[in-house]
Structures are given as C-alpha cells and as structure tokens.
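One structure below.
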2 protein chains.
Amino acid sequence: MKLTTRGRYAVTAMLDLALNGEHGPISLAAISQRQSISLSYLEQLFAKLRKNDLVASVRGPGGGYRLSRCREQINVADIIAAVNESTDSTGCKGKGDCQNGEPCLTHQLWDDLSQQIHTFLSGISLGSLTERREVKTVCERQTQQSDEGGVNDESINVESLINAKAIDL
Amino acid sequence: MKLTTRGRYAVTAMLDLALNGEHGPISLAAISQRQSISLSYLEQLFAKLRKNDLVASVRGPGGGYRLSRCREQINVADIIAAVNESTDSTGCKGKGDCQNGEPCLTHQLWDDLSQQIHTFLSGISLGSLTERREVKTVCERQTQQSDEGGVNDESINVESLINAKAIDL
DNA sequence: AAATAACCGAGTATTTTAGTCGGATAAATT
DNA sequence: AATTTATCCGACTAAAATACTCGGTTATTT
C-alpha cells in the first residue's frame, strides 16, 4: 500500500463509474470531463484496472467501461494496489535482504503496518462509498448542474473530484 | 497522511534514536552510517522533526539528537506528518472548493479515510515498536556485528533499515 | 585553537507523476 | 463500404517530489 494522489485518481474514477454506470458502459471521455482527468492518463490507469479485473471494456460507439463485478465487491485497497503496481519495486521487498544480506528492522515493521492498513481499506467497498450521505448530496447537486448546464450526456456530472497534489491522507 | 518512503526514512531514523539514544545524544553521522541515509538528507528531515518538537538537539562534540520526550509518547503518525509538511499543499485542501467552487466528492471521502488511518498510526508509539520481538532480534544481531566489525561507536548498529523506493505499505 | 556536530541554503540528479501525441484496432451507425 | 466512436497501445515530455551534494556558519567541547 502506497498512498498517493495516483490512487485517489483511480478511486475517483471508479466511484464515477459506480455512480453513473448503471445503465451501460461509461466512456473515459465522459469521466475525463466530469473529473477533469486527462483522457490519456485515464487510459493508462484503466489499462491497469482492467488487467487486475476490476473493470471490463466495451469497444466501439456507445462503449466504454463498466465495473467487472457489483460495486459491493470492489474495494478501495484493490483499486489503489492495481494502479500502483510498480515496474521495479526495488529494495528489500520480497527476499528481505535489505542491505548486508540480512533482513532489516523497518522491513518487517512496514509490512506489518502495510497489512493492517490494507485490511482497513479492503473493508471499504465502492458500494459503501456510494451510500454515503455526502456523496449522495454532491451527486444530486451535480446532476442538477448537468441538467441546467451543458454536458450533453445522461450520466451524472460528478465533476471535480480531484485536485490536491498530494493525497494528504 | 501521505504514505511514502520519506516517512519511512523518518520513522527508521527515529527508531534508531529510540534504540540507541538511551545513554545520551546520537549524532546524525552515526544514524547515517547505520541506516545508510545521506547525512544531509537526515539533516533536512531532522530540521522538520525538531520544528515539530519530536527531537531536541545538542550541539558540539558529543552532541547530536535525542527524543524530545519518552518513546512511548512519540507516535508514527506524528513522525510521518512532520516530514511531510509540504510547502504548498495546493488543491481543495482547507476550503473545500475543489473545482467549480463547490466541495467535491472525494475530498470529504479522503478526509475520512485519512482521519482513520491517522488514528491508527497515532496508536503506534516508538516505544511499542522497540518492544517488538523482530526488532529486538535484529537489534541484537546488529549489536554483535558492530562488536565484531568496524563501526567505532558504542551505539547499536541497526543498519540498513531502508531501501525500498516506495513504502509499499 | 582545534575538532565536532548541529544548522542552513542553494543547487542537482533521479524518480515518479501526470499528461501529450500519434496512431492502431474493434464495433456500431449510416 | 465508409464513417464514427471509443478502446487500446507505446513512446515521449513537463512538472513535481525525492534523495542527495556541496559549501559554508555557528555553538560547544576538549
């Protein structure tokens, strides 16, 4: 578990999917508009989400992405882990020979904290997030804005979920 | 709470202090050797730790740093927060007007997760970490290495607590 | 006076993050 | 069949964060 803005982007996008994707697939272009995330960046994130079987894609017009399973069965830990799958993950990971060929102190320690935070985030599903009062409130407001304003799309205008540079968890 | 390697470095250094600093202040040079963190980087980290009143400094020969209070009263959350005090923290932090002047979905959501993880890490003190069996074991082994080998320092050779690029919590 | 070690600021290399660009492929609509 | 839509893909780039260097100063001890 590494907690940075990247994971937040992913959770945001997935939450958008959970909120808007009930009547068919949602295009990344739509998410990009609502959440102000660049389309190409979303493509990169969704490539990883797809590899990890968290979303499924439908190509062609009217296509897009949908959750691979019901939103109660997708949790925040999985989403964050998926997009953080790093290329190298150097260091003492795995073998545990951190410096002089011996396991080190913080290695085990961090593994432990890691495990506990992972467990915590595993308990939070996309479904439970959509049930939150604040989420509902914001969602409704954004639907209205979408009706008044311009986005010619029947999906909800969640808009602007991101912004902070660091997650500041 | 932002969880990256930087926080891990800080926790590592502080744990070194907690383990070795019982008989007087510990120099950053000593920590640098044991933990293989660059001295100047440690200086930067400790400047922040000092500003946040987690350590106190003693200048001159034989000087160094010591914990500002007993290790049971210093927790992991404080350490990580101290070194992550970012310069700008842009975005929707604070006011909560993320994009179109309105509070956003993930803002509140993240605040919430943040709060819970913070609470969790607040419950883990340096003292409790030093009590762990694994920590003790590694610590003893490293003391032996220090006796056999070379580091001309009476403090324990914890050595090599860091290494992984990302915290991979 | 000399040595030690904190303190400080500016500068640098590397990595990660976020995003652009230019296309290729698949499916639906016309 | 041609066009449009949207996923898919790789390489490349700008900006930020991270980790570290360098060159000094100040305080304190021996």
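Everything quoted here is computed from the prediction, not taken from an experiment. To find a chain, count down the sequence lines: A is the first, B the second, and so on, and within it residues start at 1.
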Could you tell me the separation between the [atom1] atom of [X] and the [atom2] atom of [N], rounded to a whole number of Å?
| X | N | atom1 | atom2 | value |
| --- | --- | --- | --- | --- |
| B/Arg59 | C/dC7 | CZ | P | 6 Å |
| B/Arg66 | C/dA6 | CZ | C1' | 14 Å |
| B/Leu3 | C/dT17 | CG | P | 13 Å |
| B/Tyr65 | D/dA27 | OH | P | 15 Å |
| A/Tyr41 | D/dA14 | OH | P | 18 Å |
| B/Arg6 | D/dA17 | CZ | C1' | 8 Å |
| B/Leu45 | C/dC8 | CG | C1' | 15 Å |
| B/Glu43 | C/dT4 | CD | P | 16 Å |

Has the side chain of [X] got a donor or acceptor atom that lies under 3.5 Å from a matching backbone atom of [Y]?
| X | Y | answer |
| --- | --- | --- |
| B/Arg66 | B/Ile26 | no |
| A/Asp16 | A/Thr12 | no |
| B/Arg50 | B/Val55 | no |

Taking the side chain of [X] as its heavy atoms from C-beta onward, which of [options] lies nearest to it?
| X | options | result |
| --- | --- | --- |
| A/Thr5 | C/dA28, C/dA18, D/dC8 | C/dA18 |
| B/Ser40 | D/dC8, D/dC22, C/dA28 | D/dC22 |
| B/Pro61 | D/dT7, D/dT5, C/dT4 | C/dT4 |
| A/Tyr9 | C/dG19, D/dC8, D/dA17 | C/dG19 |
| A/Gln44 | C/dG19, C/dT17, C/dA5 | C/dG19 |

For this session: Could you check whether A/Leu39 gets within reach of a base, just the sugar-phosphate, or nothing at all, counting any heavy atom under 4.0 Å?
Result: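 Nothing, no nucleic acid heavy atom in range.
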For this session: Can you spot which of B/Asn75, B/Ile79, B/Leu67 makes a side chain to side chain contact (heavy atoms under 4.5 Å, CB included) with B/Leu54?
Result: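 Going through the options one by one, the only one that passes is B/Ile79.
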For this session: Determine: side-chain N/O of A/Lys2 to OP1/OP2 of C/dT17, distance under 4.0 Å, yes or no.
Result: yes
For this session: Name the residue closer to the 5' end of DNA chain D, choosing between A/Gly63 and A/Lys51 according to the nucleotide with the nearest heavy atom.
Result: A/Gly63
Exercise. Taking the nucleotide of DNA chain C with the closest heavy atom to each, which residue, A/Val58 or A/Ser38, is nearer the 5' end?
Worked result: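 Taking each residue's closest nucleotide, the earlier one in sequence belongs to A/Ser38.
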For this session: Please work out which of the three classes, parallel, tilted or perpendicular, describes the rings of A/Phe46 and A/Tyr65, given edges at 30° and 60°.
Result: tilted
